[in-house]
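Below is one structure, written out as structure tokens, with a few remarks after it.
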Amino acid sequence: MIPAVVPCTDRALWDEHVDRFQGHPQQLWGWGETKAMHGWSVDRVLLNEGDTTIGCAQLLIRRLPFPFRALVYIPRGPMCAVEDTPAVLSSLADHAATRHRGVVLSIEPDWDQDSPYAAAVSGAGFRESANTVLIPRTLILDLTRSDDELMAEMSKSTRANIRKAMRSDVEFRKVKNDSELEQVLAIYHETAERAGFGIHEDQYYRDIFRNMGDGSPIIGAFDGEQMLAFVWLARSGSTAFELYGGVSAEGQKQRVNYGVKWAALQAMREDGCSRYDFNGLLNDGISDFKKQFAKHENMLLGTWEKPLSPFYPAYAKAMPLARKSLQTARRLVKTASGRARTVLRRG
């Protein structure tokens with residue numbers, strides 16, 4: 001039986017289904033609302049067999065120049081049981097082709113590379129793609145484990161830095177208001193400039209904070225009213241997912257970045273999450289810091305695409321070139337922005 005694709009326009013009902021399927025926070029309503037404010041359109045659908053919902057997916061649609069028409073993308077989705085995966089993917093591909101006239105359906109599921117889902121995805125006519133948005137190589141901690149069990153996986157120096165930070169006068173707590181959010185953004189700019197990575201415009205982060213609400217807590221390290229470091233998360237019922245993090249120069253000196261990471265793990269466990277995803281590992285200093293918190297790595301399924309149009313081969317060749325050009329442009333903008341901030345500070 002081919003499941004019917006049914007739109008969902010009720011926020012509470014949608015988020016209830018995401019949690020029922022132990023879905024990822026990037027499938028929550030508030031995350032889609034933010035993407036809809038920044039260049040995407042959103043389509044949330046339930047996959048129903050009779051009166052039973054067997055899956056769901058939040059589709060993000062990006063309009064493309066003719067003749068490609070549209071990219072249809074599902075970040076960390078869809079959500080369904082292994083045995084229902086072929087039928088769910090088939091219905092979603094048909095929906096993406098007919099409803100959105102997509103050139104491709106691109107999915108990056110929250111499924112392990114070596115899980116039974118892999119064969120189901122391949123069998124549904126999807127192919128692996130290098131057009132990755134979310135990094136599949138990551139680190140996921142099991143928050144059902146005790147403090148001692150979690151710390152046993154860390155390096156000795158990491159444990160020592162955490163204990164030192166937790167004994168200090170620094171307060172670790174959730175960010176409460178817009179004023180504290182502005183401190184977060186200031187530290188994030190400082191961190192991005194120091195580490196050399198690109199960031200969105202500030203309004204994008206303000207929109208996440210507003211649209212996600214309790215689904216996107218920020219854990220800050222405070223010395224009085226002054227923030228020294230933060231970890232910004234998105235969380236669903238089961239999964240906590242790191243979005244962003246940063247530390248000031250003074251926070252680095254005090255090594256509160258270790259304490260705030262530990263405080264984030266504790267807070268997400270208290271909120272009922274069972275998984276904590278560090279959101280990607282690269283070969284850089286930030287990833288080296290993340291890897292101090294465990295002895296293992298995780299590999300998710302990665303990016304898979306289902307061609308929906310005769311123009312897909314041309315799209316597959318054009319997309320990497322377009323992304324490379326966009327990344328170059330962003331680097332140029334970031335360099336110019338950093339120089340401007342330096343001039344302002346000197347002035």
Is there side-chain contact between [X] and [Y], with at least one heavy-atom pair below 4.5 Å?
{"X": "M151", "Y": "W262", "value": "yes"}
{"X": "P136", "Y": "T303", "value": "no"}
{"X": "L105", "Y": "E305", "value": "no"}
{"X": "H24", "Y": "S236", "value": "no"}
{"X": "F230", "Y": "V247", "value": "no"}
{"X": "H296", "Y": "L141", "value": "yes"}
{"X": "I54", "Y": "P3", "value": "yes"}
{"X": "E49", "Y": "I2", "value": "no"}

Give, for atom [atom1] of [X] and atom [atom2] of [Y], the distance between the pair rounded to the nearest 0.5 Å.
{"X": "D277", "Y": "L243", "atom1": "CG", "atom2": "CG", "value": "10.5 Å"}
{"X": "D223", "Y": "E171", "atom1": "CG", "atom2": "CD", "value": "10.5 Å"}
{"X": "K290", "Y": "Q292", "atom1": "NZ", "atom2": "CD", "value": "12.5 Å"}
{"X": "Q26", "Y": "N279", "atom1": "CD", "atom2": "CG", "value": "7.0 Å"}
{"X": "N257", "Y": "I162", "atom1": "CG", "atom2": "CD1", "value": "10.0 Å"}
{"X": "I74", "Y": "L60", "atom1": "CD1", "atom2": "CG", "value": "8.5 Å"}

Looking at [Y] and [X], is any side-chain nitrogen of the basic one under 4.0 Å from a carboxylate oxygen of the acidic one?
{"X": "E16", "Y": "R20", "value": "no"}
{"X": "E182", "Y": "R206", "value": "yes"}
{"X": "D142", "Y": "R145", "value": "no"}
{"X": "K174", "Y": "D271", "value": "yes"}
{"X": "R173", "Y": "E180", "value": "yes"}

In residues 4-13, what donor-acceptor pairs under 3.5 Å come from side-chain atoms, sequence neighbours left out?
{"from": "D10", "atom 1": "OD1", "to": "A12", "atom 2": "N", "distance (Å)": "3.0"}
{"from": "D10", "atom 1": "OD1", "to": "L13", "atom 2": "N", "distance (Å)": "2.8"}
{"from": "R11", "atom 1": "NH2", "to": "N211", "atom 2": "O", "distance (Å)": "2.8"}

Take S129 and W304 through the side chain to side chain donor-acceptor pair (under 3.5 Å) test and state the conclusion after the steps. CA-CA 5 Å; S129 171; W304 290 71; over 6 Å; no
Residue list, ring pair (Phe, Tyr, Trp, His ring centres under 6.0 Å) with W111, at least two apart or on another chain: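 Listed in chain order: Y117.
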Determine, step by step, whether L281 and E297 satisfy the side chain to side chain contact (heavy atoms under 4.5 Å, CB included) criterion, reporting the C-alpha distance in whole Å, the side-chain angles of both residues, the deciding distance to 0.1 Å, and the verdict. CA-CA 9 Å; L281 295 175; E297 295 180 6; 3.8 Å; yes
Could you tell me whether a side-chain N or O of [X] sits under 3.5 Å from a main-chain N or O of [Y], the two making a donor and an acceptor?
{"X": "S168", "Y": "A165", "result": "yes"}
{"X": "E190", "Y": "A249", "result": "yes"}
{"X": "Q58", "Y": "R44", "result": "no"}

Would a hydrophobic clustering, with Ile, Leu, Val, Met, Phe, Trp and Tyr connected at side-chain separations under 4.5 Å, put [X] with [Y]?
{"X": "W40", "Y": "V45", "value": "no"}
{"X": "M212", "Y": "W29", "value": "yes"}
{"X": "F126", "Y": "V82", "value": "yes"}
{"X": "M154", "Y": "F172", "value": "yes"}
{"X": "I218", "Y": "V256", "value": "no"}

Please table the atom pairs, donor to acceptor, closer than 3.5 Å between any side-chain atom in residues 61-73 and protein atoms at least two apart or in another chain.
{"from": "R62", "atom 1": "NH1", "to": "G39", "atom 2": "O", "distance (Å)": "3.2"}
{"from": "R63", "atom 1": "NH1", "to": "H100", "atom 2": "O", "distance (Å)": "3.2"}
{"from": "Y73", "atom 1": "OH", "to": "E108", "atom 2": "OE1", "distance (Å)": "2.6"}

Considering non-hydrogen atoms only, spot the tightest contact between [X] and [Y] and give its length.
{"X": "I135", "Y": "G280", "answer": "CB-CA, 4.0 Å"}
{"X": "A294", "Y": "L139", "answer": "CB-CD1, 3.5 Å"}
{"X": "L134", "Y": "P75", "answer": "CD1-CB, 4.2 Å"}
{"X": "P78", "Y": "L89", "answer": "CG-CD2, 3.8 Å"}
{"X": "S248", "Y": "R194", "answer": "C-NH1, 4.3 Å"}
{"X": "C56", "Y": "F21", "answer": "SG-CD1, 3.8 Å"}

Please determine whether side chain to side chain contact (heavy atoms under 4.5 Å, CB included) holds for the pair F209 and D178, giving the CA-CA distance in whole Å, both sets of side-chain angles, and the decisive distance to 0.1 Å. CA-CA 9 Å; F209 191 66; D178 291 343; 3.8 Å; yes
Quick check on [X]: does its [atom1] atom have over 12 non-hydrogen neighbours (other residues, nucleotides or ligands) under 6.0 Å away?
{"X": "R101", "atom1": "CZ", "result": "no"}
{"X": "R99", "atom1": "CZ", "result": "no"}
{"X": "E83", "atom1": "CD", "result": "yes"}
{"X": "D214", "atom1": "CG", "result": "no"}
{"X": "Q22", "atom1": "CD", "result": "no"}

Before you tell me yes or no, could you show the steps for R275 and D110 under side chain to side chain contact (heavy atoms under 4.5 Å, CB included), namely the whole-Å CA-CA distance, both residues' side-chain angles and the distance that decides it to 0.1 Å? CA-CA 12 Å; R275 302 168 72 235; D110 193 25; 2.9 Å; yes
Take Q113 and L300 through the test side chain to side chain contact (heavy atoms under 4.5 Å, CB included) and record every step on the way to the result. CA-CA 5 Å; Q113 185 181 60; L300 299 179; over 6 Å; no
Any donor-acceptor N or O pair under 3.5 Å, side chains [X], [Y]:
{"X": "T53", "Y": "N48", "value": "yes"}
{"X": "K261", "Y": "Y276", "value": "no"}
{"X": "Q266", "Y": "E270", "value": "no"}
{"X": "D284", "Y": "S287", "value": "yes"}

Please confirm whether the ring centroid of Y205 lies under 6.0 Å from the ring centroid of Y244. yes
For F241, does the six-membered ring have the charged nitrogen or CZ of R235 within the cation-pi criterion, i.e. under 6.0 angstrom from the centroid and within 45° of the normal?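 Output no; distance or angle outside limits.
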